[in-house]
Amino acid sequence: MIKPLSCTFLLLFFWQAANAQVAQDCVDAIPICSNTPINGGTNGFGADDFNGATSSGCLERTATGAIESNSAWYRFRTAEAGQLGFNIGHNSNEDWDFALYRATDCSNLGEPIRCNFFDNSENTSFIGVGEDPTGNTDSVHYEDWIQVEAGEDYYLFINNFSNINSGFSIQFTGNIWVDYPNSALDCSIVSNLLGPPIAACEGDDVVLDATTSGALNYEWYVDTGNGYQLMAGVNGAAYNVQNSGQYRVVVNTSAESIISDVQVAFNQVPVTGSLTDEVFCYQTDTTIDLSSKDAEAMGAMDPSLFMVSYHSSQNDAEMGANPLEKQYVVLGGTETIYVRTTSLANSECYDATQSFTLESIENPILDFEEQVVICETIGNVEIGETQPDPNYSYQWSTGEQTSSILVSEAGEYTLTVTNQSNGAICEAIRKVTVAISSMPQISSIDIEDMSTNNIVTINTESTGAYEFSLDGSDYQSSHVFEGVAPGVHTVSMRDPYGCGVVEEDIVVVGFLPIFSPNGDVLNETWQVEGLSTLNSPIVTIYDRYGKLIKQMSEFDAGWDGSFNGKPLPSTDYWFKLSYVDDSGNRTYAKYLQSHFSLRR
């Protein structure tokens, strides 16, 4: 079948080859209780451990027609409880799969508790349970951690799908190894005289002990790729291993000859290069890419064989715990970052001797206004930073070098603020746009009355953005007010930048623009509606020559179009409306359309 694909992450990884023990069948599963070294690859498979099944968990048939293809079986037993995982490391151009069974018997494996059958089109170097050691948190080749209890038996099936394989290593991981570094797994299941396969680091003291009661002599052999060769002069019960290889001991007793094989692999211990300290500009939430330091840490080492992690303490670096995100949000000030370089083949082979500092130079923070208005009546305004930092330098586009300047003309002004320290130059630039605002001025007010929706419109010849209010209500950008009740009102107009406010009192009343006292009962008299809302109102009517024709109060029924009992001609007439204001003064209403027509 075509196996599912995922995102691409290239990491070439070259494994040293050795002829390791590989069991093709479950019944011969190799017991392990610690990290296993790189084996020499797998070839073919023995009996069909799945009895012709087409699948087991996520595993499906390979090109062989069976689930197994170049397979290997291992078994282990937990001795403690905790979080357990493992990494299966392999060459990045190879495709490996695995299934983990919680079982005590090969004939009753059941379904796997963890399983992975994804192809390796991304060229990754690890599959397993837990977390990818390269820091790839999105790897589809990793299954969730398992929580184990003491005394549980597990079978680990590893399969090569690509038919191209140079072997793999197994590295156990998880908190159980932190809490119980020497007893996480039960080594009593390993009956081999020389114990389980050994993954060590260069310089480690590895002693193979074949001490056997009643032994007559010991013969030691080594296979480094050309078959087992007798090691001349090595005939003690124990042998101190110096090089990687497959080792064999033959113990001769009076009753039998005991033969035991074990693989020992030494992995290179990385030597981290020195890292330069970093000085950079800082402000809240500044992020630095720690992976940019990887090349310094690697030096001349092959980056396909090692990984670099960064930590906030020396102890974390030593333990390989709590690695910092590569996109690291700096804390500010001076921080020490501790570096750990780890072998990808064996996580126990690492170097945590190097560190470097992150020195944060504060980037100036500018918080003054970017939009400023000069009030016409004042003539100038101060712009810029009014509370300067003595450690900063200031440069205006006008040539001035103070933190703030006084300007009297509209335009754009740019300030550059610099903080320079330890070779870092941190700048902040802000542009200030200055405009001039004139005093607000009401030129006229239109009042549309004699309706259920009286409308008041405030007119101005001033240019700019202004706001308007009626009787102290919230200011609005519109200069039109609808639904205005009859009576005296105060309209306000202001500059939104605080350059001034003007107010006018207006009177909203209603009157007919035309009346016709011709005896048809319609519009026989002319009067002003809404006078009752005013204090002591008086309406005076004049002809076009200014002659007083009629004076009315709120109690008059209206004017019938006559003077001294005689009808006046059809023409236009004018009127004035006065009332007593809140201060007790008689005031003439402004902005009323003060003429009307008589028609006969």
Side-chain angles (χ1 to χ4, degrees), residues 12-24 28 30-44 70-74 87-94 96 125 158 160 164-171 190-212 217-252 257-271 301-302 304-306 343-349:
L12 298 178
F13 203 89
F14 301 97
W15 303 94
Q16 64 191 68
N19 294 321
Q21 295 170 314
V22 177
Q24 295 175 328
D28 297 321
I30 298 172
I32 54 177
C33 64
S34 61
N35 293 346
T36 65
I38 304 155
N39 67 55
T42 58
N43 292 289
N70 298 319
S71 58
W73 287 88
Y74 293 88
N87 305 321
I88 300 173
H90 56 82
N91 222 333
S92 61
N93 64 343
E94 299 173 3
W96 293 83
S125 294
I158 301 174
N160 181 272
I164 302 172
N165 70 86
S166 56
F168 56 85
S169 66
I170 303 172
Q171 306 166 25
V190 181
S191 60
N192 183 38
L193 179 61
L194 294 179
I198 299 172
C201 303
E202 289 178 341
D204 284 354
D205 187 21
V206 177
V207 177
L208 300 179
D209 190 350
T211 301
T212 303
N217 58 61
Y218 298 87
E219 296 175 355
W220 289 91
Y221 298 81
V222 63
D223 179 359
T224 58
N226 297 310
Y228 282 105
Q229 303 294 322
L230 178 66
M231 293 186 287
V234 180
N235 49 28
Y239 176 67
N240 194 334
V241 179
Q242 302 294 323
N243 301 299
S244 297
Q246 192 80 10
Y247 289 85
R248 171 175 292 175
V249 66
V250 178
V251 183
N252 294 307
S257 291
I258 301 172
I259 301 175
S260 180
D261 296 339
V262 69
Q263 181 193 359
V264 179
F266 289 94
N267 295 107
Q268 180 183 349
V269 177
V271 178
M301 294 185 297
D302 187 343
S304 68
L305 302 180
F306 304 95
S343 166
L344 288 175
N346 188 344
S347 59
E348 297 300 317
C349 306

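Closest of all the heavy-atom pairs between L344 and S304 is CD1-O, 3.7 Å. Here the closest non-hydrogen pair linking V262 and P197 is CG2-CA, 3.9 Å. Nearest heavy atoms, G44 versus N70: N-OD1, 2.5 Å. Nearest heavy-atom pair across S343 and N267 is OG-CB, 4.2 Å.
Taking CG of N93 as the start and CG of N165 as the end, the distance is 10.5 Å to the nearest 0.5 Å. Atoms CD and CD1, from Q263 and I198 in turn, are 10.0 Å apart once rounded to the nearest 0.5 Å. Taken from OG in S125 to CD1 in I88, the straight-line distance is 13.0 Å, to the nearest 0.5 Å. Once rounded to the nearest 0.5 Å, the distance linking OH of Y74 with CD1 of I30 reads 4.5 Å. Taking NE2 of H90 as the start and CH2 of W96 as the end, the distance is 8.5 Å to the nearest 0.5 Å. With rounding to the nearest 0.5 Å, the separation of CD in Q268 from SG in C349 is 9.5 Å.
For N235, there are no side chain to side chain donor-acceptor pair (under 3.5 Å) partners, not counting sequence neighbours. Under the side chain to side chain contact (heavy atoms under 4.5 Å, CB included) criterion, V234 pairs with W220, M231, Y239, sequence neighbours left out. Remark: N87 engages Y142 in a side chain to side chain donor-acceptor pair (under 3.5 Å) (not counting sequence neighbours). Every residue two or more places apart in sequence or in another chain was checked for a side chain to side chain donor-acceptor pair (under 3.5 Å) with D204, and none qualifies. Here S347 pairs with Q171, T342 under the side chain to side chain contact (heavy atoms under 4.5 Å, CB included) rule; sequence neighbours left out. Not counting sequence neighbours, S191 has no partner by the side chain to side chain donor-acceptor pair (under 3.5 Å) test. In this structure, the side chain to side chain contact (heavy atoms under 4.5 Å, CB included) partners of E219, at least two apart in sequence or on a different chain, are N217, Y221, L230, V250, N252. Annotation: side chain to side chain contact (heavy atoms under 4.5 Å, CB included) contacts of V251 (sequence neighbours excluded): L193, A210, T212, A215, Y218, V249, T253, I258.
Within the structure, the salt bridge (charged side-chain N to carboxylate O under 4.0 Å, His left out) test picks out no pair touching residues 229-246 (sequence neighbours left out). Note on residues 239-252: pairs passing salt bridge (charged side-chain N to carboxylate O under 4.0 Å, His left out), not counting sequence neighbours, are R248-D261.
Judged by distance alone, the side chain of S244 and the main-chain N or O of F266 form a donor-acceptor pair under 3.5 Å.
Using a 4.5 Å heavy-atom threshold, the side chains of F168 and T42 count as touching. Taking 4.5 Å as the limit, some side-chain heavy atom of I158 sits within range of a side-chain heavy atom of I170. Using a 4.5 Å heavy-atom cutoff, the side chains of N346 and S169 are not in contact.
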